[in-house]
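Inspection log for the structure reproduced underneath, given as structure tokens.
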Amino acid sequence: MYAEKLRHEIDDGIVFWGYEEAGTLVGVMGIQKVQDVTLVRHAYVRTTNQKQGIGAQLLSHLCELTNDPVLIGTWADAVWAIRFYERNGFQVVSPEEKNRLLKKYWTIPERQIETSVVLADQRWGGALRR
């Protein structure tokens, strides 16, 4: 992510957390409070450091920082990301609920809404995929 984009995201209220190993930043994940939920934003772990539990540790830490339901939006084609979030206690919401949530809590184009999914943690009381 370019510095200008990072500054814009921080100005929009995203708080980033990092994971370091031996003084090197190897993982980053952000959260953003939006109305009555917390969104997980921009989750990245260096390719060489994946499959070591870094993403799970970051996600767990961020979820502990809020009492709100936590929602995650990602591309529907990002099957590996969806599986990661499901392994960490999140569930994909129904297509109808996804459309409603993306329009309510995110500012994204219609095409991105069509090609995305939303996952929710156990605090979410909405409709989950069955």
Side-chain angles (χ1 to χ4, degrees):
M1 180 183 305
Y2 292 104
E4 184 178 323
K5 172 74 170 164
L6 177 61
R7 172 58 43 207
H8 174 74
E9 297 293 75
I10 291 169
D11 290 346
D12 276 352
I14 299 174
V15 178
F16 288 93
W17 290 79
Y19 187 100
E20 289 185 7
E21 280 187 349
T24 300
L25 184 64
V26 297
V28 174
M29 198 173 290
I31 55 174
Q32 181 181 31
K33 171 78 172 155
V34 178
Q35 299 175 41
D36 56 345
V37 302
T38 296
L39 307 178
V40 171
R41 307 289 305 272
H42 304 291
Y44 305 104
V45 174
R46 285 180 183 250
T47 305
T48 57
N49 296 94
Q50 291 177 358
K51 309 279 189 216
Q52 297 175 16
I54 294 167
Q57 288 181 58
L58 278 168
L59 182 61
S60 175
H61 178 71
L62 297 184
C63 288
E64 290 173 4
L65 296 176
T66 182
N67 292 320
D68 297 328
V70 177
L71 302 176
I72 301 168
T74 192
W75 299 106
D77 287 345
V79 176
W80 59 270
I82 295 167
R83 287 186 187 136
F84 166 78
Y85 293 122
E86 288 176 331
R87 281 193 312 270
N88 285 279
F90 286 77
Q91 292 184 321
V92 175
V93 302
S94 70
E96 298 78 18
E97 186 76 340
K98 172 213 48 154
N99 292 338
R100 186 184 75 76
L101 294 173
L102 288 173
K103 290 175 183 174
K104 181 173 182 178
Y105 297 114
W106 281 267
T107 305
I108 58 174
E110 190 63 36
R111 178 71 180 134
Q112 191 172 348
I113 291 172
E114 295 168 7
T115 57
S116 295
V117 296
V118 172
L119 297 99
D121 74 354
Q122 71 281 359
R123 293 174 275 200
W124 181 252
L128 297 172
R129 181 175 67 184
R130 300 192 195 311

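Remember, predicted model here, so these are calculated numbers, not experimental data.
Counting only distance, with no hydrogens or angles, the side chain of Asp121 and the backbone of Val70 share a donor-acceptor pair below 3.5 Å. Formation of a donor-acceptor pair under 3.5 Å by the Lys33 side chain with backbone atoms of Gln35 is found in this model. At least one donor-acceptor pair closer than 3.5 Å links the side chain of Lys98 to the backbone N or O of Ile113. With Arg123 contributing its side chain and Val37 its backbone, the two residues share no donor-acceptor pair below 3.5 Å.
Nearest heavy-atom pair across Ala120 and Leu71 is CB-CD2, 3.6 Å. Contact between Gly23 and Glu20 at its shortest, heavy atoms only, is CA-OE1, 4.0 Å. Summarising the geometry of Leu62 relative to Met29, their closest heavy-atom pair is CD1-CG, 3.5 Å, with the distance given to 0.1 Å.
When the shell of 6.0 Å around CG of Asn67 is examined, it contains 12 or fewer heavy atoms from other residues, nucleotides or ligands. Atom CG of Asp12 has more than 12 heavy atoms from other residues, nucleotides or ligands within 6.0 Å.
From Glu86, atom CD reaches atom CG of Asn88 across 10.5 Å, with rounding to the nearest 0.5 Å. Here CG of Leu102 is found 10.5 Å from OG1 of Thr107. Values are rounded to the nearest 0.5 Å. For the atom pair CD of Glu96 and CG of Leu101, the computed distance is 11.5 Å after rounding to the nearest 0.5 Å. Rounded to the nearest 0.5 Å, atoms NZ (Lys103) and CD1 (Ile108) are 10.0 Å apart. Annotation: the span from Ser116 atom OG to Asn99 atom CG amounts to 9.5 Å, rounded to 0.5 Å. Interatomic distance, Asn49 CG to Thr24 OG1, rounded to the nearest 0.5 Å: 8.5 Å.
Between Glu4 and Arg7, no side-chain nitrogen of the basic residue sits less than 4.0 Å from a carboxylate oxygen of the acidic one, so the salt-bridge criterion is not met.
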Let me see the working for Arg111 and Glu114 under salt bridge (Lys or Arg N to Asp or Glu O under 4.0 Å), right down to the final yes or no. CA-CA 5 Å; Arg111 178 71 180 134; Glu114 295 168 7; 3.3 Å; yes

Tell me, with the steps shown, if Val118 and Glu97 meet side chain to side chain contact (heavy atoms under 4.5 Å, CB included). CA-CA 8 Å; Val118 172; Glu97 186 76 340; over 6 Å; no

Let me see the working for Leu65 and Ile31 under side chain to side chain contact (heavy atoms under 4.5 Å, CB included), right down to the final yes or no. CA-CA 9 Å; Leu65 296 176; Ile31 55 174; 4.1 Å; yes

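The side-chain heavy atoms of Thr74 and Val117, taken from C-beta on, include a pair separated by under 4.5 Å. Residues His42 and Val28 are not in side-chain contact: their nearest non-hydrogen atoms beyond the backbone lie 4.5 Å or more apart.
Judged as a ring-ring contact (aromatic ring centres under 6.0 Å, His included), not a single pair has a partner in residues 67-108 (not counting sequence neighbours).
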